[in-house]
2 protein chains.
Amino acid sequence: MMDSLAWPATEGARGHSIAKGTSRDIRVANRFEIMRVVIARSPVSRQRIAAETGLSIATVATVVGELIAAGLLLEVGFEDSAGRPRALMAVDHAGGVLLGVDVAETYVRVDLFDAALAFLDGVEEALSPEENRPDQVVGHIVSGVRTVLGRAGTPAPRVLGAGITVPGQVDHRGGVSVFAPNWDWHDIAFGELLSARLGIPAHLDNPLRAAIVAELWFGAGRRREDVVVLNLGTGVGAGLAFRGTLYRGATNSAGEWGHTTLVLDGRPCHCGGCGCVEAYVGAPGIVQHLRELDPDSPMLHANDQTATIDALARGIDAGDPIAQKVVAETARYLGAAVANLINLLNPEAIVLSSWVATRLGEPLLAEVRAVVARHALGRPFVATEIARSTLPGDSVSLGAATLALEGFLSEIATNRAKG
Amino acid sequence: MMDSLAWPATEGARGHSIAKGTSRDIRVANRFEIMRVVIARSPVSRQRIAAETGLSIATVATVVGELIAAGLLLEVGFEDSAGRPRALMAVDHAGGVLLGVDVAETYVRVDLFDAALAFLDGVEEALSPEENRPDQVVGHIVSGVRTVLGRAGTPAPRVLGAGITVPGQVDHRGGVSVFAPNWDWHDIAFGELLSARLGIPAHLDNPLRAAIVAELWFGAGRRREDVVVLNLGTGVGAGLAFRGTLYRGATNSAGEWGHTTLVLDGRPCHCGGCGCVEAYVGAPGIVQHLRELDPDSPMLHANDQTATIDALARGIDAGDPIAQKVVAETARYLGAAVANLINLLNPEAIVLSSWVATRLGEPLLAEVRAVVARHALGRPFVATEIARSTLPGDSVSLGAATLALEGFLSEIATNRAKG
DNA sequence: GACCCATTTGTTAACCGTCGGCAATACTCC
DNA sequence: GGAGTATTGCCGACGGTTAACAAATGGGTC
């Protein structure tokens, strides 16, 4: 058994359920926070880090020292002051790389990032419908990882960790894909398979959670406590963060916002229910709006939702009335569903992410805001910012890599002893 | 200005939003946990407390020592063991009392509890529709408090604190009723008014939050992390707890589950929207189901929902088919709305509370379970226990008093120096 | 240009608080 | 009195902060 396993095989058998907080957790949280500030404000002085985090300068100095010792940070210069110049810290771009792997129904995407989560390189391998065995998927991941690491040049960079997202219910502590509905996987110890083949600390989770972590570190979630990210794609779902940290639910399946009922006894949904949010605002649902409005629309591309949504986006730009009606109809449902989240959870921000949100963009968002204003209660509504994600690239693989960084930061040894 | 104010008037002006955790918080959380164990398992040995909390015996001993010094706990006897007998701890019933005040639209309820949150006495004063000025409400609270404390006998007991719930959006830190829709209150510094007149540390909050705190301490929330309590009354709302603690949302208005849309463009709701959950499962909504099924039903009591719901409950017991249909119809909506919560939040338990849940009881719950099973996703569904609240009495005033106990426990000085 | 001082930054040590482990003590039973 | 268990006190490890101190620079003075 390799020691690169990120999940101790036997754990979690504690007698009680309450997460007892230890002082160690405080240090780890501070490391996260300081790393976030350095990434966002780079180059940045210790003084400024202290001001932004609220920590004392002494604590900042020790934590920064740890991060320098771990090879993540670097003093990159100095800044004038009235007295001694401030040293400026930045992420050491040679300090190591992180891998973010997004396993979806039709593709496996492997992205390489530096320790500041700046995108370096990426490959995407298509997944045919027959290739749904875990070992086949693992094969694609391994080949993708080899490709990007190979291209990264010599000497091979130090890999700090890999984050892998798999759809469905994932037990992130055990590295187990508990249930992946599309492939009918049950309790696949995916993480072990991967660690064994990669020799890299691997962190398995679900794409919704990766997306919210990416927003927390780099997007609308920065400096906020309660954030929801809505993944609008073929399926739809929500990533949730409460009090500044990821919320997973009791059994790692929180966030199935797509399968909450919006229209009782409404449109059938592929989950078997009726009137689910996903049936109206998922890509197939949007295509259905178009088909119902104009069955012969030239924007319709049979068997290719992506092309249809693209055509729709072009139609909006061109002022096509049918396209506009489709957007309005979609927003009628999406807005009500967003208002539900606002009323129930009173978040600070709701972020629209994934490819449908990207393509339909501002026109959809404007309509949604108007609908939300009608449905949501006044006070929570004004407290919530509704925005599109500003993250570049695939925010799922970015979030997966971020989870790997969090894992790495959690395991840095504290160095009091110096020498 | 009195020093019994529980809310420092100037606070919260920190530059950053992240709640920086201190080791002090750990101690406070452990005090809560140990107090909960003592209340639930009383009389209980230190050993058992350690086993149930997962803390070391040493830590349990120090915290128990603090609580004894604060007058909350007492050694009440010994338990045989093979060697030295275990000392048994219990709450000191003479250690102090807590007040729980539930301010509703039509009444002010003041309950007195001992430090173990056992009910001692209570009074309810009716609130006429004209009596909606803050000072009038305060007057009722003060008179109620004087009554129960007067009856408690001499010498007057030590009051550890008072928790007061007010409907609407409440800023618990500042003790301000930010917005109470029924009375059109805006930014009433209710807490200051009360502290000044009572001379008792007062803790203001919202009834939904009180209800979930009560469940966390004494009901289905014990030893659970993620719990939802549904308040089914004239209005409906949800109290939320994530990771073992109360969730308030960004601006203290999380939990408006009653105003999430379940039937797009459905029944009008008094909030101005349409198709809200409350319009179907709030008491008036249930009465409307009955009216639609049988406009001449003898169970209908004009202008008295409570009587109608009571008649409905009797009808169910008697096997009245109309009553059963009304329950089924109500469950059709309630079940779907509960399933939404399960899919979105994946909680460990959902607790049905308040007077409608009490009266319609098991028959409603059975129907709801069946509907939820159809609507919710399989895996989160089996992970969620759906139950009626087992708390006796008014769980809102109980929760309010519990909030006061939490406040008291947070402010116990740590005593290393002894003598 | 040499020197000194003010000023600010960064580091170190001391302190307090938390928890856990271990040994000494307390207590009862056999 | 000895065995066995409970409780307590003490110590170490770790966290953060405060305060004192060392380091680095600029500016003024001779």
Side-chain angles (χ1 to χ4, degrees), chain A residues 14 16 18-34 43-51 53-69 73 75 77-89 410-419, chain B residues 14 18-34 43-51 53-69 73 75-89 410-419:
Chain A
R14 294 294 295 278
H16 60 104
I18 303 301
K20 195 160 46 90
T22 88
S23 60
R24 194 82 176 247
D25 302 332
I26 298 174
R27 171 59 61 99
V28 171
N30 287 342
R31 275 203 281 259
F32 285 10
E33 197 55 33
I34 287 176
V44 60
S45 66
R46 291 179 178 83
Q47 311 292 322
R48 178 137 186 226
I49 296 172
T53 58
L55 293 165
S56 73
I57 310 234
T59 301
V60 171
T62 37
V63 175
V64 165
E66 283 174 9
L67 296 175
I68 290 175
L73 297 189
E75 289 196 1
F78 294 91
E79 185 181 50
D80 275 0
S81 82
R84 174 176 174 171
R86 289 180 277 271
L88 296 177
M89 328 296 307
S410 305
E411 281 158 25
I412 294 179
T414 95
N415 65 338
R416 270 219 196 242
K418 63 214 68 105
Chain B
R14 294 294 296 280
I18 304 302
K20 194 160 47 88
T22 86
S23 59
R24 194 83 175 247
D25 302 332
I26 299 175
R27 173 56 65 99
V28 171
N30 287 342
R31 275 204 281 260
F32 285 11
E33 197 54 33
I34 287 177
V44 61
S45 67
R46 291 180 178 83
Q47 313 290 322
R48 176 133 187 230
I49 296 172
T53 57
L55 293 165
S56 74
I57 309 230
T59 302
V60 170
T62 45
V63 174
V64 165
E66 283 173 11
L67 296 175
I68 289 176
L73 296 189
E75 289 196 359
V76 292
F78 295 91
E79 186 181 48
D80 275 0
S81 81
R84 174 177 175 172
R86 290 179 276 270
L88 296 177
M89 327 297 306
S410 304
E411 280 157 25
I412 294 179
T414 96
N415 65 339
R416 273 230 190 230
K418 64 214 64 105

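This structure is a prediction, so every number in the text was calculated from the model and none was measured. So that the names make sense, note that chain A is the first sequence line, chain B the second, and so on, each numbered from 1.
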Roughly how many Å is it from [atom1] in [X] to [atom2] in [N], rounded to a whole number?
X	N	atom1	atom2	answer
Leu88(A)	dT9(C)	CG	C1'	12 Å
Glu79(B)	dG4(D)	CD	P	20 Å
Ile34(B)	dT18(C)	CD1	P	12 Å
Phe78(A)	dT7(C)	CZ	C1'	17 Å
Arg24(A)	dG20(C)	CZ	C1'	14 Å
Asp25(A)	dG16(D)	CG	P	11 Å
Glu33(A)	dG15(D)	CD	P	17 Å
Asp80(B)	dG4(D)	CG	P	17 Å

* Taking the nucleotide of DNA chain D with the closest heavy atom to each, which residue, Ile57(A) or Ala61(B), is nearer the 5' end? ->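 Looking at DNA chain D, the more 5' nearest nucleotide goes with Ala61(B).
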* **Arg27(B) side-chain N/O to dC19(C) phosphate OP1/OP2 under 4.0 Å** => yes
* Asked: Should Arg86(A) be listed as having a side-chain N or O under 4.0 Å from OP1 or OP2 of dA24(D)?
  -> no
Is there a side-chain contact between [X] and [Y] (heavy atoms, below 4.5 Å)?
X	Y	value
Thr59(A)	Thr53(A)	no
Arg27(A)	Ile412(A)	no
Val63(A)	Leu55(A)	no
Arg46(A)	Arg86(A)	no

To the side chain of [X], which of [options] is closest?
X	options	value
Leu55(A)	dT17(D), dT5(D), dT9(C)	dT17(D)
Ala82(A)	dT9(C), dT7(C), dC19(C)	dT7(C)
Ala58(A)	dG20(C), dT7(C), dT18(D)	dT18(D)
Ser56(A)	dT17(D), dA6(D), dT18(C)	dT17(D)
Asn30(B)	dA6(D), dC19(C), dG15(D)	dC19(C)

* **Shortest non-hydrogen contact between Ile34(B) and Leu67(B), atoms and distance** =>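 Here Ile34(B) and Leu67(B) meet closest at CG2-CD1, 4.2 Å.
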* Ignoring hydrogens and angles, does a donor from either the side chain of Arg84(B) or the base of dA6(D) sit under 3.5 Å from an acceptor on the other? ->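 Such a pair exists between side chain and base.
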* How do Gly83(A) and Gln47(A) order along DNA chain C: which one's closest nucleotide is nearer the 5' end? ->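 Its nucleotide being nearer the 5' end, the pick is Gly83(A).
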